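If you're wondering where the values come from, they're calculated on a predicted model, not measured in any experiment. A, B, ... follow the sequence lines: proteins, then strands. Residue 1 opens every chain. Because only heavy atoms are used, hydrogens play no part in the values below, and waters and symmetry mates are left out as well, while side chains stay in.
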Amino acid sequence: MSDASTSDPQIRVVLAKLGFDGHDRGIKIVARILRDAGMEVIFLGLRQSYKNVVNAVEQEDADAVGLSMHNASHMTLAPKMVDALAEAGLEVPVIVGGIVPDEDIDPLMKTGVAAILGPGASAEEVAQTVRDAVAAVRGSSPQA
Amino acid sequence: MSDPAPDQARAAWQEAYDATKLRDVPFETMSGVPVEPLYGDGPYPGQYPYTRGLHAAGYRSRLWTMRMFAGFGTAEDTNARFKELLRAGGGGLSTAFDMPTLMGRDSDHDWALGEVGHCGVAVDTLADMEDLFADIDLSSVSTSMTINGPAAMIMAMYIAVGEKTGVERSQLAGTIQNDILKEYQAQKEYIFPPRPSMRIVTDMMKFTSTEMPKWHPISISGYHIREAGSNAAQELAFTLANGFAYVEAAVAAGLDIDDFAPRLSFFFNSHSDFFEEIGKFRAARRIWARWMKERYGAKDPRSMMMKFHTQTAGVSLTAQQAEINIGRVAIQALAGALGGTQSLHTDAYDEAMALPTEDAARIALRTQQIVAHETGVTNVVDPLGGAPFVEWMTDEMERRAEDIFAHLLDIGNDSILEGAYAGIDDGYFVGEIADAAYRFEREVNEGKRIIVGVNEFTEGDSGERNLLRIGAEVEEYQLKRLNDVKQRRDNDAVTRVLTQLKTEAADPEINLMPTMIEAVKTFATEGEIVASLEEVFGTYVEKVFL
């Protein structure tokens with residue numbers, strides 16, 4: 001699958017932290033990992049609203065959204081982000097990174113989150129998860 | 001006097017040691033071999049530049065304070081925990097606030113959903129602070145409060161609770177973190193831009209220096225800088241530089257250095273690279289002493305003596321095979337003890353995933369009790385002092401920190417304070433921290449650096465997790481409480497005092513603390529006070545640096 005993905009158009013990823021959570025060590029590392037993997041990273045930084053993220057996805061024609069969550073607010077904020085993108089008619093996968101306890105993984109995936117990356121994910125896993133999530137959406141929408 | 005002949009220095013140490021009341025325990029090994037209080041040469045413990053510790057007898061006279069941080073749910077929940085701690089013999093309370101409170105926003109703010117009472121206690125108004133300290137005699141406890149952006153409001157509330165319960169502010173003892181510079185550099189819990197924030201910090205330093213002699217108005221913290229990804233030398237240098245910046249700001253505001261410097265305290269991280277950490281702690285004391293004396297002209301030795309709290313490295317804890325974190329914490333706690341810390345918080349093994357469970361918090365406390373009571377390291381003052389590697393590491397940490405100070409003086413036109421502003425503005429601090437974090441991550445990813453349970457020795461994770469959960473009922477309760485308080489209070493009085501606060505904020509000559517205290521007494525919310533000040537000071541928005 002990596003052969004196919006390298007010939008795909010460059011993947012554009014919006015990375016953001018929603019709400020108050022200020023832990024930005026992880027998301028900055030992920031930004032560099034994705035950039036090193038050849039993707040274009042639109043890094044919005046801290047304290048973003050759903051609307052800011054939706055606007056960035058529209059303006060930058062992004063293929064995926066990455067959210068970093070370390071404050072146990074993943075169950076409230078991530079599903080709202082999925083809904084906000086859907087309401088805007090944007091079909092982009094939302095990938096959640098950070099601290100998500102095991103028992104929250106299934107419920108969170110059921111809300112429409114495309115993938116969850118936990119602590120200890122390797123650089124290759126991070127990049128491949130984004131490629132796979134983007135490929136799944138591109139594969140399902142004939143106009144892409 | 002500062003450089004007495006070696007035998008005089010030794011005699012002075014002996015005299016100070018002999019005058020110290022020691023703990024009533026045998027100072028001998030487990031096998032019954034008596035040990036001396038001190039080995040090796042000067043500069044001796046208790047003597048400038050304090051590399052070997054602040055006190056002649058070290059932990060022989062008094063162990064470090066085992067200060068465990070707590071706070072969750074509603075003010076009433078935390079109040080119950082406080083009373084339990086006090087009944088169990090603790091004399092010090094340490095308060096954690098939830099994210100909305102730390103950010104200066106009320107529990108009914110849009111972004112507060114899912115955050116209320118989660119990583120600490122929720123405080124919106126004076127009513128919550130009254131609940132938090134209900135039936136606790138504020139004249140007999142010391143209270144540490146970990147909050148920065150809205151520190152002035154929280155301190156005002158504490159003063160108001162004291163007044164209402166008949167305890168004068170001069171009797172209040174405690175510490176408020178109030179280290180705003182590291183918020184822009186690492187922790188990111190800022191509200192206003194740096195310069196008006198520093199005006200509030202200096203107002204608080206001035207106010208406490210005249211009105212609250214038992215209060216520590218700032219705890220200069222490297223902990224968060226390290227957690228955000230810096231290396232040990234950067235943690236050391238950025239933290240001390242922030243300390244110098246506060247000193248410069250306070251002196252510029254008209255304070256005499258020896259009037260406030262003795263009440264400054266520090267807070268460091270203890271990570272897993274054992275000797276590097278010990279070298280860092282020893283270097284920190286020496287650098288502070290030298291700069292305070294030589295650059296800032298302090299005369300009182302207490303101004304030169306760096307006191308610090310230590311916490312083991314949360315960032316080193318792994319979600320994988322979480323139980324093995326107990327081993328990491330033990331090693332980090334030992335480094336803190338060998339570095340001469342004044343107080344220590346040991347992390348719970350399950351903290352990579354959530355707030356600690358009660359069991360995990362107990363194990364963490366027991367871990368430092370083992371270091372204190374079983375290892376024997378407390379029998380000898382600075383037991384590693386004089387070891388060639390330890391002395392070299394101490395020197396090397398100092399040298400690396402001095403390089404960073406030179407850079408800050410360069411970009412700050414010979415002022416560390418201006419260098420701190422410039423480094424925040426041009427992304428120097430966040431860039432250095434992100435670079436160091438990425439470098440470490442790449443090394444782990446490439447297998448150059450082994451993290452047990454993560455990239456090696458990965459078998460054996462039971463996968464069982466018993467995590468602490470905070471229910472949604474906390475949020476419902478707090479929203480109702482906030483609403484009730486708003487219904488009951490005199491809204492005209494709130495409006496009047498907030499208008500006055502804005503007027504005073506626009507005049508840098510006025511100390512904001514007195515009106516801040518009046519404001520919280522009207523039950524103006526933290527969020528309302530912050531919003532009023534934002535009208536004058538503006539809101540800080542971080543530039544995006546990658």
Side-chain angles (χ1 to χ4, degrees), chain A residues 14-37 40-52 56 68-80 98-105 117-127, chain B residues 98-103 105 109-115 118-119 183 186-190 224 227-230 315 317-320 352-355 430-431 433-435 437-438 440-442 444-447 451 453-455 458 463-465 467-470 472 475 541-546:
Chain A
V14 169
L15 292 182
K17 285 193 74 91
L18 299 174
F20 290 132
D21 179 11
H23 295 88
D24 62 359
R25 176 183 179 140
I27 196 170
K28 286 188 168 180
I29 289 172
V30 165
R32 293 186 188 203
I33 287 172
L34 297 181
R35 211 167 49 182
D36 289 354
E40 186 174 335
V41 174
I42 301 108
F43 182 71
L44 301 183
L46 297 173
R47 315 262 143 76
Q48 298 299 309
S49 62
Y50 309 117
K51 195 161 177 282
N52 287 353
S68 159
M69 328 202 84
H70 290 80
N71 270 22
S73 53
H74 47 273
M75 294 306 295
T76 44
L77 300 185
K80 288 197 169 188
I99 303 296
V100 177
D102 291 347
E103 62 267 34
D104 286 351
I105 290 176
L117 287 163
S122 70
E124 187 45 44
E125 281 171 67
V126 170
Chain B
D98 72 356
M99 273 308 284
T101 307
L102 292 170
M103 292 300 300
R105 309 295 162 180
H109 187 278
D110 280 351
W111 288 357
L113 182 69
E115 302 261 20
H118 263 221
C119 56
E183 298 299 334
Q187 187 167 244
K188 313 293 172 73
E189 289 162 10
Y190 38 67
H224 320 80
E227 291 287 297
S230 85
V315 77
L317 304 177
T318 59
Q320 299 88 337
M353 296 305 289
L355 291 183
V430 292
I433 291 169
D435 285 349
Y438 189 51
F440 184 84
E441 199 62 32
R442 260 206 339 244
V444 172
N445 201 53
E446 290 163 6
I451 305 295
V454 173
N455 62 354
T458 52
E464 279 172 33
R465 309 258 186 271
L467 301 177
L468 184 75
R469 292 276 181 169
I470 307 284
E475 192 151 325
V541 178
E542 184 183 59
K543 287 189 219 164
V544 174
F545 295 102
L546 250 194

Top contributor to chain B contacts, counting heavy-atom pairs under 4.5 Å, from A/D24, A/V41, A/V100: A/D24
Worked verdict on A/R32 versus B/R442 for side chain to side chain contact (heavy atoms under 4.5 Å, CB included): CA-CA 10 Å; A/R32 293 186 188 203; B/R442 260 206 339 244; over 6 Å; no
Restricting to non-hydrogen atoms, name the atom on A/D21 and the atom on B/E115 that form the minimum distance, rounded to 0.1 Å. N-OE2, 4.2 Å
Heavy-atom distances under 4.5 Å only: say whether A/R47 touches chain B with side chain, backbone, both or neither. both
Less than 4.5 Å to any heavy atom of chain B: does that hold for the side chain of A/I99, its backbone, both, or neither? side chain
Heavy-atom side-chain proximity of B/V430 to A/K28 below 4.5 angstrom: yes
Can you say whether B/V444 sits under 4.5 Å from chain A via the side chain, the backbone, both, or neither, judging by heavy atoms? neither
Honestly, the part of B/E183 sitting under 4.5 Å from a heavy atom of chain A is neither
Please identify, among B/V454, B/D435, B/L102, the residue contributing the most non-hydrogen atom pairs under 4.5 Å to chain A. B/D435
Nearest heavy atoms of A/F43 and B/V544, plus distance in Å: CD2-CG1, 3.2 Å
Non-hydrogen atoms of chain A under 4.5 Å away: do they reach the side chain of B/M353, the backbone, both or neither? both
Taking side chain as everything from C-beta outward and backbone as N, CA, C, O, which of these in B/A352 sits under 4.5 Å from a heavy atom of chain A? Side chain, backbone, both or neither. backbone
Check B/E542 against A/L46 and note the closest heavy-atom contact, atom names and distance. OE1-CD1, 3.7 Å
Please name the residue in the list B/E189, B/K188, B/H109 that meets the side-chain contact (heavy atoms from CB on, under 4.5 Å) test with A/F20. B/H109
Where is the tightest heavy-atom contact between A/T76 and B/L113, given as atom of each residue plus distance? OG1-O, 4.0 Å
Which bit of A/I33 is near chain B, if near means a heavy-atom gap under 4.5 Å: side chain, backbone, both or neither? both
Measure distances from A/K80 to the heavy atoms of chain B and classify the residue's part below 4.5 Å as side chain, backbone, both or neither. side chain
Going by heavy atoms in the side chains, are B/N445 and A/E125 under 4.5 Å from each other? no
Whatever's closer than 4.5 Å to a heavy atom in chain A on B/A319 counts as side chain
Closest non-hydrogen contact found for B/Q320 with A/P119 is NE2-O, 3.2 Å
Is B/E441 in contact with chain A via its backbone, its side chain, both, or neither, using a 4.5 Å heavy-atom distance? side chain
